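Before any comments, here is the structure.
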Amino acid sequence: GYALTRLDKRVLLVDADIGLANLDVILGLSPRYNLQHVLSGERPIGEVVITTPEGMKILPASSGIQELTELTKSQKLYLLYELESLSRNIDMILIDTSAGISSNVMYFNLAAHEILMVVSPEPTSITDAYAMMKVLCLKYEENHFNLLVNGAQSAEEAKEVYNHISLVGQRFHHLSIDYWGYILRDEHVVKAVRQQKALIELYPEAAASACIFALAHKVCEHQRNAGARGAIRFFWHHFLENPESLPLSLSRL
């Protein structure tokens, strides 16, 4: 997000680890409101979004609210509608989901125009990433993904991880997985987290920072698939299937 902002992109970062959010903690922020206030109708989304000194916008989520770990269909549609209203003044919305295959995670992945799987070289991470792609493919007919290897010891190790996942995905489920690069294992990442600052803000010359800037450039250069992929398609698909699930504010449109 910070790297894209420095490339003159208007960025909104959504903390979608709803119920166990920590993006504000990592960046040393103390938001007055969060996503819970939007979903309850207490505050409009424009009042909840905060802007960092660098110009990046953040939609903080709540932490320790068990009820939000599984959003209702009405809440999901309402949130998607609110995000669409913000997108008019935003170039890119980055949705940071939690790990796993919960209904919240599936929903945000299907609502996005592009899915970027972030996987580490550990066998458990590789297995989890493949399992998630398998579910999205078999249950939701999604077969295109992008992959980023995080915490790699080298470019060679990262490419080996990608080749393994891509080969298995293609062999068993005909998955199309594009390689979006890697983030090197770097002690500066831990230092930045402890200081509650963005890595590239504190250590712009670090090896991991260079990888992040390379990823940001790739995101800017990427040509999105032309089909009706993402939020608009997903919104109207559910509207036509379940019009009674729309919140009152939407059904009046």
Side-chain angles (χ1 to χ4, degrees), residues 13-20 61 68-81 83-84 87 92-152 157-183 215 218-219 221-242 245:
L13 183 53
V14 178
D15 191 347
D17 189 356
I18 302 174
L20 291 174
L68 295 182
T69 57
E70 290 293 337
L71 297 179
T72 66
K73 190 171 295 184
S74 180
Q75 287 174 320
K76 292 173 184 176
L77 288 169
Y78 181 62
L79 176 57
L80 203 55
Y81 173 76
L83 288 175
E84 287 286 338
S87 67
M92 297 180 184
I93 298 179
L94 307 180
I95 305 176
D96 181 23
T97 72
S98 61
I101 54 175
S102 70
S103 63
N104 283 353
V105 173
M106 294 294 106
Y107 188 83
F108 284 117
N109 273 275
L110 291 168
H113 291 117
E114 295 285 353
I115 300 174
L116 177 61
M117 305 291 299
V118 181
V119 58
S120 70
E122 283 73 31
T124 51
S125 178
I126 294 173
T127 301
D128 289 349
Y130 176 70
M132 182 174 178
M133 288 187 283
K134 179 180 176 181
V135 171
L136 284 166
C137 175
L138 295 179
K139 191 171 182 179
Y140 300 101
E141 300 182 352
E142 179 60 58
N143 65 354
H144 178 261
F145 303 91
N146 306 298
L147 189 135
L148 175 76
V149 181
N150 189 33
E157 181 185 50
K159 197 61 183 292
E160 185 177 325
V161 170
Y162 163 74
N163 288 337
H164 173 70
I165 295 177
S166 181
L167 180 63
V168 174
Q170 177 63 34
R171 178 183 300 172
F172 294 104
H173 298 289
H174 304 289
L175 302 180
S176 170
I177 306 175
D178 292 339
Y179 185 51
W180 276 31
Y182 58 93
I183 308 295
L215 175 63
K218 184 172 185 62
V219 170
E221 296 166 0
H222 176 69
Q223 297 296 318
R224 182 168 59 84
N225 293 332
R229 174 75 176 88
I232 293 294
R233 179 203 68 177
F234 200 52
F235 179 89
W236 288 112
H237 171 72
H238 278 266
F239 172 78
L240 292 173
E241 281 192 345
N242 305 288
S245 68

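On a predicted model such as this, the values are computed, not experimentally measured, just so you know.
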Could you tell me if the side chain of [Y] sits less than 4.5 Å from the side chain of [X], heavy atoms only?
X: Cys137; Y: Glu142; value: no
X: Leu175; Y: Gln170; value: no
X: Ile126; Y: Ile165; value: yes
X: Phe172; Y: Tyr130; value: yes
X: Val219; Y: Met92; value: yes
X: Leu147; Y: Leu116; value: no
X: Met117; Y: Ile177; value: no

With Glu122, which residues qualify under salt bridge (charged side-chain N to carboxylate O under 4.0 Å, His left out), at least two apart? Arg185
Inspect the surroundings of NE2 in His173 and state if more than 12 heavy atoms from other residues, nucleotides or ligands are less than 6.0 Å away. yes
How far does [atom1] of [X] sit from [atom2] of [Y], to the nearest 0.5 angstrom?
X: His164; Y: Lys159; atom1: NE2; atom2: NZ; value: 15.5 Å
X: Met132; Y: Phe145; atom1: CE; atom2: CZ; value: 7.5 Å
X: Ile183; Y: Ser120; atom1: CD1; atom2: OG; value: 13.0 Å
X: Leu83; Y: Tyr78; atom1: CG; atom2: OH; value: 11.0 Å
X: Lys139; Y: Lys134; atom1: NZ; atom2: NZ; value: 13.5 Å
X: His222; Y: Leu215; atom1: NE2; atom2: CG; value: 11.5 Å

Quickly, which of Val105, Ile115, Asp15, Val14 forms a side-chain contact (heavy atoms from CB on, under 4.5 Å) with Thr97? Name it, please. Val105
Closest heavy-atom contact between [X] and [Y]?
X: Ala158; Y: Val149; answer: O-CG2, 3.5 Å
X: Tyr162; Y: Asp178; answer: CE1-C, 4.0 Å
X: Lys218; Y: Tyr179; answer: CE-O, 3.6 Å
X: Phe108; Y: Leu79; answer: CZ-CD2, 3.6 Å
X: Pro121; Y: Ala152; answer: CG-CA, 4.1 Å

Given side-chain contact (heavy atoms from CB on, under 4.5 Å), test Ser125 with Val119 step by step and report yes or no. CA-CA 6 Å; Ser125 178; Val119 58; 3.2 Å; yes
